Protein chains: 2
Amino acid sequence: MSEALIDQFVETWGAMGNSWGVNNSVARVHGLLIITDRPWCIDELVERLQISKSNVSTSLKELRSWNVVRKVFLPGDRREFYACEPDAWEMLFNIMRQRKQREFDPILASIATTCEQARQCPGGIAVERLGQMKQMLDTFDRLAGMAFKSEAQIKALVSLLPKKK
Amino acid sequence: MSEALIDQFVETWGAMGNSWGVNNSVARVHGLLIITDRPWCIDELVERLQISKSNVSTSLKELRSWNVVRKVFLPGDRREFYACEPDAWEMLFNIMRQRKQREFDPILASIATTCEQARQCPGGIAVERLGQMKQMLDTFDRLAGMAFKSEAQIKALVSLLPKKK
DNA sequence: TCGTTTGTTCTGAACTTACAGAACAAACGA
DNA sequence: TCGTTTGTTCTGTAAGTTCAGAACAAACGA
């Protein structure tokens with residue numbers, strides 16, 4: 001019975017991954033590690049999720065690159081086990097940090113360059129609009145920087161929010 | 001010369017779309033509308049971006065569904081023109097609202113259900129962990145709700161942030 | 001040393017997505 | 001009315017992604 005609930009969560013997490021550009025297998029592996037809250041080795045994951053070993057292997061590599069999963073060595077077992085980051089907020093922050101670095105920073109840099117060049121030679125370009133965009137992205141950048149630097153405060157702040165409904 | 005700068009921005013915006021799960025053509029059309037800050041009709045877009053009319057048409061439809069582009073009628077011209085939302089922050093908020101609705105809310109609902117069911121029958125599932133996840137998503141939900149309700153305040157707040165660097 | 005266990009990377013087939021061009025539909029003017 | 005302009009939807013192909021299985025590599029014990 002509870003197996004079905006696990007599946008339910010794993011599939012939901014997979015769907016979440018899908019809408020956020022994360023490969024389905026990657027998200028499913030992650031979901032399983034989250035919901036069972038214990039280390040799994042590759043073959044167990046293959047068996048449980050019914051996907052190939054290569055797929056599991058690359059998915060775990062990906063998850064480690066996001067700092068949301070780490071290797072765990074269990075005494076007396078040669079196999080490598082994998083466990084997910086135990087703190088949900090920490091997990092979220094790790095993902096956001098990585099995404100920002102990989103997907104946001106280069107774009108901000110590129111737009112800053114364009115903005116600089118446009119100042120010299122306007123032409124058909126809407127310099128004002130470009131500036132507005134740049135300013136918005138800068139603000140985003142600053143906010144993210146602040147949040148990542150004072151994670152603890154953010155979490156504390158969040159915990160003070162009025163409770164649901 | 002400035003044409004090249006426009007291209008530069010359009011490609012950057014396209015890349016941004018890519019990393020956030022938005023189709024490249026859609027993002028490029030959007031980028032062009034943003035950076036030139038004037039209404040374009042379909043054939044102009046076809047000509048300028050060198051993509052097919054069908055592609056432009058569906059891209060515009062998509063952009064309208066995100067509330068970031070709207071039809072504009074120019075007096076004395078039968079054609080439909082398209083212009084993007086003039087305020088960058090408004091644009092961002094519109095996108096976030098839509099994405100939350102489409103991609104976040106259903107998942108939160110699904111996890112809430114799982115959470116409820118798990119309370120009744122724990123089994124192999126880590127109820128505590130599931131609760132933690134749910135709580136995090138709830139917080140996110142609440143934050144978003146607050147932000148969307150008091151958009152003006154958020155913008156005001158943001159404008160008070162210490163300036164860059 | 002060699003065989004076994006464990007994990008990673010490569011390869012091609014299956015599936016999915018993107019998109020140009022064709023077909024179609026609607027609005028307008030003659 | 002019919003032809004022209006404008007815009008949308010359909011269809012087949014091309015391009016890209018995903019993933020199982022095969023090949024490979026490394027670590028360990030005998």
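All values below were derived from every heavy atom in this structure, side-chain atoms included, with hydrogens, water molecules and symmetry-related copies excluded. Source: prediction; values computed, not measured. Proteins come first, then strands; the chains are lettered A, B, ... in the order of their sequence lines, and each starts at number 1.
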Open item on the list: Reading 5' to 3' and counting Watson-Crick or G-U wobble pairs with both distances under 3.5 Å, write the dot-bracket notation for DNA chain D, | for bases paired outside the strand.
Closed with: ||||||||||||||||||||||||||||||

Going by the rule side chain to side chain donor-acceptor pair (under 3.5 Å), which residues pair with [X] if we only count those two or more places apart in sequence or in a different chain?
X	value
A:Thr113	none
A:Asp43	none
B:Trp66	B:Glu62
A:Ser110	B:Thr12

Interatomic distance, [X] [atom1] vs [N] [atom2] [rounded to whole Å]:
X	N	atom1	atom2	answer
A:Phe81	C:dT5	CZ	C1'	13 Å
B:Asn18	D:dA15	CG	P	17 Å
A:Arg79	C:dT4	CZ	C1'	14 Å
A:Leu60	C:dG7	CG	C1'	10 Å
A:Trp40	C:dG7	CH2	P	15 Å

Task: A:Ile6 side chain reached by A:Phe9 side chain, heavy atoms, under 4.5 Å - done: no

Task: Side chain to side chain, B:Leu60 and B:Leu45, heavy atoms closer than 4.5 Å - done: yes

Task: B:Glu47 and B:Lys53 ion-paired at < 4.0 Å - done: no

Open item on the list: Between B:Lys134 and B:Glu116 (salt bridge meaning N to carboxylate O under 4.0 Å), is one present in this structure?
Closed with: no

Give me, pair by pair, the N or O atoms of the protein and of nucleotides 25-29 of chain D that are less than 3.5 Å apart, along with how far apart they are.
| from | atom 1 | to | atom 2 | distance (Å) |
| --- | --- | --- | --- | --- |
| D:dA27 | N3 | A:Arg78 | NH2 | 3.4 |

Open item on the list: Over all strands shown, is A:Arg64 touching base, sugar-phosphate only, or nothing at heavy-atom distances under 4.0 angstrom?
Closed with: sugar-phosphate

- [ ] Please list all pairs passing the side chain to side chain donor-acceptor pair (under 3.5 Å) test where one or both residues lie in residues 92-103 of chain A, with sequence neighbours left out.
- [x] A:Ser65-A:Arg102, A:Asn94-A:Arg97, A:Arg97-A:Glu151, A:Gln98-A:Arg102, A:Arg99-A:Glu103, A:Lys100-A:Asp105, A:Lys100-A:Asp141

- [ ] Any pair with a residue in residues 78-88 of chain A that passes side chain to side chain donor-acceptor pair (under 3.5 Å), sequence neighbours left out, goes on the list, sorted by first then second residue, please.
- [x] A:Lys71-A:Glu80, A:Asp77-A:Arg79, A:Glu80-A:Tyr82

Open item on the list: Would you say that more than 12 heavy atoms from the other residues, nucleotides or ligands in this model lie under 6.0 Å from the CZ of A:Phe140, or not?
Closed with: no

- [ ] May I ask you to list the residues sharing a hydrophobic cluster with B:Phe81, side-chain cutoff 4.5 Å, ordered by chain and number?
- [x] B:Val72, B:Leu74

Enumerate, atom names and distances included, each donor-acceptor pair closer than 3.5 Å involving a side-chain atom of residues 14-22 of chain A, sequence neighbours excluded.
| from | atom 1 | to | atom 2 | distance (Å) |
| --- | --- | --- | --- | --- |
| A:Ser19 | OG | A:Ala15 | O | 3.2 |
| A:Ser19 | OG | A:Met16 | O | 3.2 |

All N/O contacts under 3.5 Å from nucleotides 13-19 of chain C to the protein, with atom names and distances to one decimal?
| from | atom 1 | to | atom 2 | distance (Å) |
| --- | --- | --- | --- | --- |
| C:dC19 | OP1 | B:Ser25 | OG | 3.4 |
| C:dC19 | OP2 | B:Asn23 | OD1 | 3.2 |
| C:dC19 | OP2 | B:Asn23 | ND2 | 3.1 |
| C:dC19 | OP2 | B:Ser25 | OG | 2.8 |

Task: Stretch residues 41-49 of chain A: residues that reach within less than 4.0 Å of DNA chain D through a heavy atom - done: none

TODO: Decide yes or no, distance alone: a donor-acceptor N/O pair under 3.5 angstrom between the base of D:dG7 and the side-chain of B:Lys53.
DONE: yes

